[in-house]
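Computation of the quantities below employed the complete heavy-atom set of this structure, encompassing side-chain atoms and omitting hydrogens, waters and symmetry-equivalent molecules. As the structure lists them, so they are numbered: ligands from 1, and atoms in each ligand from 1.
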Amino acid sequence: MSRFWSPIVHTLDPYVPGEQPKVLDLIKLNTNENPYPPSPLAISAMKAETGDSLRLYSDPNASELKSALADNFQLAEDQVFVGNGSDEVLAHSFQAFFQHTKPLLFPDISYSFYPVYCGLYQVEQKRIPLNDDFDIDINDFQQDNTGIIFPNPNAPTGKALPLESIKQLLAMNRDTVVIVDEAYIDFGADSAASLVNDYDNLLVVQTFSKSRSLAGLRVGFALGHCDLIGGLERVKNSFNPYPLDRIAIKGAVAAINDTAYFEATCQRIIESRDWLTEELSKLGFDSLESSANFIFTQHKKLSAKVLSQKLRDENIIVRYFDKPRIDNHLRITVGSEAECKQLVSSLKCIIESS
Ligand SMILES: *Cc1c(COP(=O)(O)O)cnc(C)c1O
């Protein structure tokens, strides 16, 4: 508290990121980072950019990256927006599209940054409960709104909404913007990017942080109708015209172009996820069917809170949310094959000695 804070700063309830421990010998399965390194081509492109050119500002339009993304998704460059992580892209979207007079709709169990942005941009919110199986029922979203936002696959459940349902949702909600936050789309769900040319109110947001192993680089992007992108550009150019630095632009371009590496790492994670789900089940866990790079799971006997603490004692960190409906679940990031094995053997010990 300070008397110098503006009235709105007093009311903010900021996002609390998962722990980023300083010690390195921990098995870190708490923030859904990729266990594998970024594409070697991305690393060398970034090294090559590290030098004299850093005297100069980066391209405010990041055209090289927009062009690479447009090619990748078979869209035009003016249907692509890029930002400093998808969190920034989401923030600009809240400011660009959502008004104060009607509520923004999002699932009750969802990415916890959405209510934070509602606070920052003074957007009313209405949380729509997931059903008992933790699925989104699109019919529940058929009500007056200033917009709709949800992650697909959802976080922290990992459950995917089929493209057909997204189409139905868009068909019944033509007058406000629908944002599909596809942070985890590359681990097994169908992207709504293919619908961008059919619905002028659809914005698809993706990130390089998860499937491209570049969480530390901070690059995210949005795909949508050129008028939506135009709105985002207006906000961005009223805030920070250079959200992506030169190194980030080069690294992201090389990463998006290295399809072979990308597909191989995603496949490895999918295989580990399926293996880990199976092993967890043998240990007495019930897991939701995940289309993401994490597993949302609960043990039949032991409480999630206690398990997370015991894992922590074994130097493994997973995510525990002390929130209604999900306070007996753990969200476990799918690590490397070795990390998954270590997790299973630690859990075995914990469970046997309980
Ligand atoms: C990780 C995540 C993001 C943020 O990604 P950045 O691009 O690193 O800012 C956005 N939405 C969801 C649902 C996420 O899990």
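Residue-environment remark: CG (Asp175) stays at or below the threshold of 12 foreign heavy atoms within 6.0 Å. Within a 6.0 Å sphere centred on CG of Asp327, other residues, nucleotides and ligands contribute more than 12 heavy atoms.
Residues passing the ring-ring contact (aromatic ring centres under 6.0 Å, His included) test with Phe94 are Phe98, Tyr117, sequence neighbours excluded.
Aromatic ring centroids of Phe150 and Phe106 lie 6.0 Å or more apart.
Sorted by first and then second residue, the pairs that involve residues 231-258 and meet ring pair (Phe, Tyr, Trp, His ring centres under 6.0 Å), not counting sequence neighbours, are Tyr57-Tyr242, His92-Phe239.
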Considering only distance and modelled atom types, tabulate donor-acceptor pairs under 3.5 Å from the side chains of residues 225-233, sequence neighbours left out.
| residue | atom | partner | partner atom | Å |
| --- | --- | --- | --- | --- |
| His225 | ND1 | Asp227 | N | 2.9 |
| Glu233 | OE2 | Lys66 | NZ | 2.6 |

Give one line per pair: atom of ligand 1, protein atom, distance. Only N/O to N/O under 3.5 Å.
| residue | atom | partner | partner atom | Å |
| --- | --- | --- | --- | --- |
| ligand 1 | 5 (O) | Ser86 | OG | 3.0 |
| ligand 1 | 7 (O) | Ser86 | N | 2.6 |
| ligand 1 | 7 (O) | Ser86 | OG | 2.9 |
| ligand 1 | 7 (O) | Thr207 | OG1 | 2.5 |
| ligand 1 | 7 (O) | Ser209 | OG | 3.3 |
| ligand 1 | 8 (O) | Ser209 | OG | 2.6 |
| ligand 1 | 8 (O) | Arg218 | NH1 | 2.8 |
| ligand 1 | 8 (O) | Arg218 | NH2 | 3.3 |
| ligand 1 | 9 (O) | Ser86 | N | 3.2 |
| ligand 1 | 9 (O) | Asp87 | N | 3.0 |
| ligand 1 | 9 (O) | Asp87 | OD2 | 3.1 |
| ligand 1 | 9 (O) | Arg218 | NH2 | 2.8 |
| ligand 1 | 11 (N) | Asp181 | OD1 | 3.2 |
| ligand 1 | 11 (N) | Asp181 | OD2 | 2.7 |
| ligand 1 | 15 (O) | Tyr184 | OH | 2.6 |
| ligand 1 | 15 (O) | Lys210 | NZ | 3.0 |

